[in-house]
Amino acid sequence: MAWTYLFFAGLFEIGWAIGLKYTHGFTRFIPTVLTVGSMVVSLGLLGLALKSLPLGTAYAIWTGIGTIGTAILGIILFGEPATALRLACIGLIVAGIVGLKLVS
């Protein structure tokens with residue numbers, strides 16, 4: 001169950017990271033409420049996952065999921081560049097997450 005908590009914690013991290021862009025510096029009410037809500041859920045799920053997973057592994061995977069998702073959505077939603085080097089670096093993060101899962 002801890003891995004499921006961690007996975008969803010990572011998804012909510014993507015939500016709040018992307019949500020930050022839509023808050024316009026926390027000046028828009030609904031995006032701000034949704035972003036803060038995503039932060040709370042993400043950290044709560046991470047806390048549940050940490051009950052049984054090693055801290056270093058869980059934190060690295062949580063931030064990795066957030067980084068990958070945010071980078072991909074930045075490309076899709078905000079027109080950020082999708083260069084070969086950028087995509088290769090995202091692939092390296094995926095490889096690191098898979099490696100950590102395999103050794104944990």
Side-chain angles (χ1 to χ4, degrees):
M1 196 66 184
W3 288 104
T4 303
Y5 290 144
L6 186 59
F7 176 74
F8 283 103
L11 293 182
F12 277 96
E13 185 189 4
I14 296 166
W16 70 256
I18 295 297
L20 284 172
K21 183 83 168 169
Y22 290 105
T23 68
H24 293 278
F26 298 104
T27 60
R28 297 178 63 209
F29 181 73
I30 297 212
T32 297
V33 169
L34 293 173
T35 298
V36 171
S38 290
M39 289 175 177
V40 170
V41 171
S42 180
L43 288 171
L45 290 171
L46 177 61
L48 291 173
L50 286 173
K51 286 183 174 183
S52 60
L53 295 176
L55 172 63
T57 299
Y59 185 76
I61 291 175
W62 178 65
T63 58
I65 292 169
T67 301
I68 292 165
T70 303
I72 291 171
L73 286 176
I75 292 167
I76 294 168
L77 297 174
F78 306 120
E80 295 175 0
T83 63
L85 184 57
R86 187 175 196 173
L87 295 175
C89 290
I90 292 170
L92 288 171
I93 297 168
V94 171
I97 289 172
V98 170
L100 285 170
K101 170 67 171 109
L102 291 175
V103 300
S104 294

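The two residues I90 and A71 make their nearest non-hydrogen contact at CD1-CB, 3.7 Å. Nearest approach of L53 to A2, heavy atoms of both residues: CG-CB, 3.8 Å.
Note that CD1 of I97 and CG of L92 are 11.5 Å apart. Values are rounded to the nearest 0.5 Å. Here CD1 of I65 is found 8.5 Å from CD of E13. Values are rounded to the nearest 0.5 Å. Annotation: the span from I72 atom CD1 to T67 atom OG1 amounts to 11.0 Å, rounded to 0.5 Å. Atoms CE and CG, from M1 and L6 in turn, are 12.5 Å apart once rounded to the nearest 0.5 Å.
Cluster membership check: L100 shares its hydrophobic cluster with F8, using side-chain heavy-atom separations under 4.5 Å among Ile, Leu, Val, Met, Phe, Trp and Tyr. In the hydrophobic clustering of ILVMFWY residues, with side-chain heavy atoms under 4.5 Å counting as a link, V103 and W62 come out apart. If you chain together hydrophobic residues whose side chains sit under 4.5 Å apart, I68 and L85 never meet in one group. Residue L73 is grouped with residue F7 when hydrophobic side chains (ILVMFWY) are merged at heavy-atom distances under 4.5 angstrom, including chains of intermediate members. Note on V94 and I14: same hydrophobic cluster, where clusters join Ile, Leu, Val, Met, Phe, Trp and Tyr whose side-chain heavy atoms are under 4.5 Å apart, directly or indirectly.
Between S104 and W3, the side chains place no donor N or O within less than 3.5 Å of an acceptor N or O (distance only, hydrogens not considered).
Side-chain contact between I75 and L87 is present, with heavy atoms from C-beta onward closer than 4.5 Å. Taking 4.5 Å as the limit, every side-chain heavy atom of V98 sits out of range of all side-chain heavy atoms of K101. Proximity of Y22 to L77: side-chain heavy atoms (C-beta onward) are separated by under 4.5 Å at one or more points. Residues R86 and E80 are in side-chain contact: their nearest non-hydrogen atoms beyond the backbone lie under 4.5 Å apart.
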Just distance, no hydrogens or angles: give the donor-acceptor pairs under 3.5 Å from side chains in residues 43-50, sequence neighbours left out.
none

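V33 shares a hydrophobic cluster with F29, I30, L34; the chain of contacts runs through ILVMFWY side chains whose heavy atoms sit under 4.5 Å apart.
T23 places no side-chain N or O within 3.5 Å of a backbone atom of T32 that could act as its donor or acceptor partner. Counting only distance, with no hydrogens or angles, the side chain of S42 and the backbone of A9 share a donor-acceptor pair below 3.5 Å.
With ring centers used as reference points, F12 lies 6.0 Å or more from Y5.
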